[in-house]
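A quick write-up on the structure given underneath.
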Protein chains: 2
Amino acid sequence: MTYVEHSSDALDLAAAGAGLTDVEAVWADYVNSPKIRKLSLSPHEAIFYEGDPADHIYELAGGSVMLYKLLPDGRRQVVEILKEGDLFGFQRGRNYDCTAETLSGVELRALNRRDIDVSLSLQRYIGERMFAKMESLHEHAMLLGRKSAMERVASYLMRFVPGRGTADCTGPAEDIEVDDGMIELSMTRQEIADFLGLTIETVSRAISELKRRGLIRIEKQDRILIPRICNLCRLTGMH
Amino acid sequence: MTYVEHSSDALDLAAAGAGLTDVEAVWADYVNSPKIRKLSLSPHEAIFYEGDPADHIYELAGGSVMLYKLLPDGRRQVVEILKEGDLFGFQRGRNYDCTAETLSGVELRALNRRDIDVSLSLQRYIGERMFAKMESLHEHAMLLGRKSAMERVASYLMRFVPGRGTADCTGPAEDIEVDDGMIELSMTRQEIADFLGLTIETVSRAISELKRRGLIRIEKQDRILIPRICNLCRLTGMH
DNA sequence: CGTGGATTTGATGAACATCAATTAGAGTGG
DNA sequence: CCACTCTAATTGATGTTCATCAAATCCACG
């Protein structure tokens with residue numbers, strides 16, 4: 001008896017030839033295979049609602065998506081902000097535990113739980129992504145439970161600076177004298193507030209305060225220039 | 001060519017005989033196999049520290065464990081409270097992203113990443129557990145970001161009432177007239193506060209308030225009686 | 001140019017943190 | 001068994017931060 005029943009197609013076989021550890025290549029092969037259904041969505045469109053039967057798993061191929069939960073009285077908490085490459089829609093139970101809504105124009109790939117369940121490499125790829133996501137959920141718990149409003153907003157802005165503001169960030173490259181960055185906010189103040197556990201007004205005040213202190217400059221509404229990244233990073237509470 | 005390289009031992013083969021979907025049986029076989037190293041720990045002992053090289057994965061076989069993160073100035077956020085059967089120590093990177101500390105006497109099983117990486121069934125089992133954990137992290141984000149102090153404490157107490165207080169809770173069984181429960185708190189006020197994003201004093205005041213209102217009764221320090229579970233549950237903000 | 005929603009700003013209030021003191025409980029040694 | 005000690009927990013007084021309520025301003029879009 002062989003283990004053929006573990007794989008529905010040639011993906012793992014190809015991977016075995018390429019070296020077992022290259023799960024990312026297997027994943028790329030899988031999601032680019034013609035049987036994967038692709039979807040395009042407009043900004044602020046719901047993908048699924050909290051409580052809906054969890055019948056699909058998605059990969060975000062482009063754009064950004066938020067996941068949020070609601071309390072019966074309407075209070076909202078955005079629990080994840082997803083970016084290209086992120087996976088969502090996995091559930092333990094029969095129903096989604098949160099609502100998924102697009103923040104921008106979005107390209108999705110709808111995956112089949114069945115394909116994934118029978119491939120070791122796909123499982124491993126997903127595992128890797130899940131562990132990363134758990135770390136970012138831990139970080140977010142720290143933000144929500146223990147950071148001040150200003151620290152939350154600074155941390156939020158730092159999210160969008162690639163490669164900076166993480167635990168292992170070592171500051172700017174040494175040979176660089178200007179350490180600035182331009183970031184793009186695709187979320188409204190309400191969405192940011194619901195992500196940070198604050199109100200619109202508190203978020204707005206914190207951003208104004210950063211402007212006043214010269215730590216950020218607003219160019220054209222939702223484009224923000226950070227003149228000295230390290231200065232902003234120091235306000236996150238993490239360094 | 002077969003897929004034999006996907007499995008280091010007979011676990012999956014046995015599972016195939018028993019039906020592919022019974023990943024829990026495969027897991028049970030694995031963790032009970034003699035090669036799994038077992039550990040016993042006393043209360044309030046560190047298992048690993050944030051930043052340590054992530055060289056082990058653990059299954060909590062008995063007792064309870066908390067995971068927490070620290071900010072440089074000492075602020076602490078407890079990000080998970082683990083109970084029997086929970087897995088922890090998975091990391092995306094090279095190092096643990098939080099500290100693990102026992103809350104009670106604890107029995108652990110130290111697992112090998114290598115064993116798991118080559119078994120589809122074990123991967124799938126872990127995936128299931130991770131999805132459940134992500135849901136509880138979402139729930140916790142809601143608590144930290146949007147609930148009042150009283151709602152947080154009520155939610156915390158409800159955690160320890162088996163089968164109640166969850167989203168799909170339908171209340172007590174219909175044929176029952178007394179709906180009470182006894183719970184055991186194994187955490188200090190400081191640990192509870194750091195889990196709920198509050199201070200010791202606020203937690204203490206909330207508990208006193210619940211006592212005053214007759215919603216709980218303290219028996220012998222860390223044993224709490226809940227006379228009418230639904231009454232407490234109503235304070236969680238979820239119904 | 002005008003309209004309507006989003007954002008900002010201001011004034012006030014409530015919830016929770018902080019600081020300080022007291023009490024309760026668990027463990028210890030006489 | 002009972003005082004003693006030490007820490008955890010409670011309670012009280014005050015302060016700070018952020019939420020709430022209200023108004024003004026900005027900006028995108030027709």
Side-chain angles (χ1 to χ4, degrees), chain A residues 42-44 71 73-78 103-104 143-157 184-213 215-224 235 237, chain B residues 42-44 66 71 73-78 101 103-104 143-157 184-213 215-224 235 237:
Chain A
S42 320
H44 296 281
L71 289 177
D73 63 3
R75 281 175 286 176
R76 181 171 77 159
Q77 180 64 47
V78 174
L103 289 168
S104 61
L143 179 145
L144 293 171
R146 288 303 182 207
K147 289 191 183 179
S148 71
M150 181 57 87
E151 288 171 334
R152 294 183 202 197
V153 170
S155 301
Y156 175 77
L157 295 176
E184 202 105 8
L185 299 188
S186 57
M187 292 168 80
T188 66
R189 292 287 183 274
Q190 185 63 65
E191 288 157 355
I192 296 170
D194 286 346
F195 180 60
L196 299 179
L198 300 170
T199 58
I200 289 187
E201 294 94 329
T202 301
V203 171
S204 182
R205 273 184 252 270
I207 289 177
S208 298
E209 171 72 14
L210 289 173
K211 247 187 297 184
R212 210 169 308 124
R213 290 208 240 162
L215 289 160
I216 62 173
R217 274 211 308 277
I218 312 289
E219 332 250 302
K220 213 168 142 354
Q221 190 65 347
D222 55 355
R223 291 171 64 80
I224 293 183
L235 296 183
Chain B
S42 320
H44 295 282
M66 66 175 170
L71 290 176
D73 63 3
R75 280 175 287 176
R76 182 171 76 160
Q77 180 63 47
V78 174
E101 199 178 300
L103 289 168
S104 61
L143 179 146
L144 292 172
R146 289 301 182 208
K147 288 190 183 180
S148 71
M150 181 57 88
E151 287 171 334
R152 295 183 202 197
V153 170
S155 301
Y156 175 77
L157 295 176
E184 200 106 8
L185 300 187
S186 56
M187 291 167 81
T188 65
R189 291 288 184 272
Q190 184 64 66
E191 287 157 355
I192 296 170
D194 286 346
F195 180 60
L196 299 180
L198 300 170
T199 58
I200 289 186
E201 294 94 329
T202 302
V203 171
S204 183
R205 273 184 252 268
I207 290 177
S208 297
E209 172 71 15
L210 289 173
K211 247 187 297 185
R212 210 169 307 126
R213 290 207 240 160
L215 290 160
I216 61 173
R217 275 212 307 276
I218 312 289
E219 332 251 301
K220 212 166 141 355
Q221 191 64 347
D222 54 355
R223 291 171 64 81
I224 294 183
L235 296 182

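Here is the naming used below: chain letters follow the sequence lines, and residue numbers restart at 1 for every chain.
Here the side chain of A/Q77 pairs a donor or acceptor atom with the backbone of A/F195 at under 3.5 angstrom. Judged by distance alone, the side chain of A/R189 and the main-chain N or O of A/I200 form no donor-acceptor pair under 3.5 Å. In this structure, the side chain of B/R76 does not engage the main chain of B/D194 through any donor-acceptor pair within 3.5 Å. A/T202 places no side-chain N or O within 3.5 Å of a backbone atom of A/L198 that could act as its donor or acceptor partner. Using modelled atom types, no side-chain atom of A/E209 and backbone atom of A/A206 make a donor-acceptor pair closer than 3.5 Å.
Ion pairing between A/K220 and A/E184 fails under the 4.0 Å rule for side-chain N and carboxylate O.
To the nearest angstrom, P of D/dT16 lies 16 Å from CD of B/E201. Across the protein-nucleic acid pair, B/R205 atom CZ and D/dT10 atom P stand 11 Å apart, rounded to whole Å. Atom pair B/I200:CD1 and C/dA20:C1' shows a separation of 14 Å (rounding to whole Å applied). For A/L185 and D/dC27, the CG to C1' distance is 16 Å, given to the nearest whole Å. As a whole-Å value, the separation of A/E151 CD from D/dC18 C1' is 14 Å. A straight line from NZ of A/K220 to P of D/dC27 spans 11 Å, rounded to a whole angstrom. Spacing between atom CD1 of B/I218 and atom P of C/dG25 amounts to 10 Å, rounded to whole angstrom units. Rounded to a whole Å, the CG atom of B/D222 is 9 Å from the P atom of D/dA9.
For the contact set between residues 186-194 of chain B and DNA chain C, defined by any heavy atom under 4.0 Å, there are no members.
Residue contacts shown for A/I207 are absent, as no nucleic acid heavy atom lies under 4.0 Å away. Within 4.0 Å (heavy atoms only), B/T199 reaches at least one base atom of the nucleic acid.
The heavy-atom pair separating A/S155 from A/L143 by the smallest distance is CB-CD1, 3.7 Å.
At the phosphate of C/dT9, OP1 or OP2 sits under 4.0 Å from a side-chain N or O atom of A/S208.
Between the side chain of B/R212 and the base of D/dT10, no donor-acceptor pair of N or O atoms lies under 3.5 Å.
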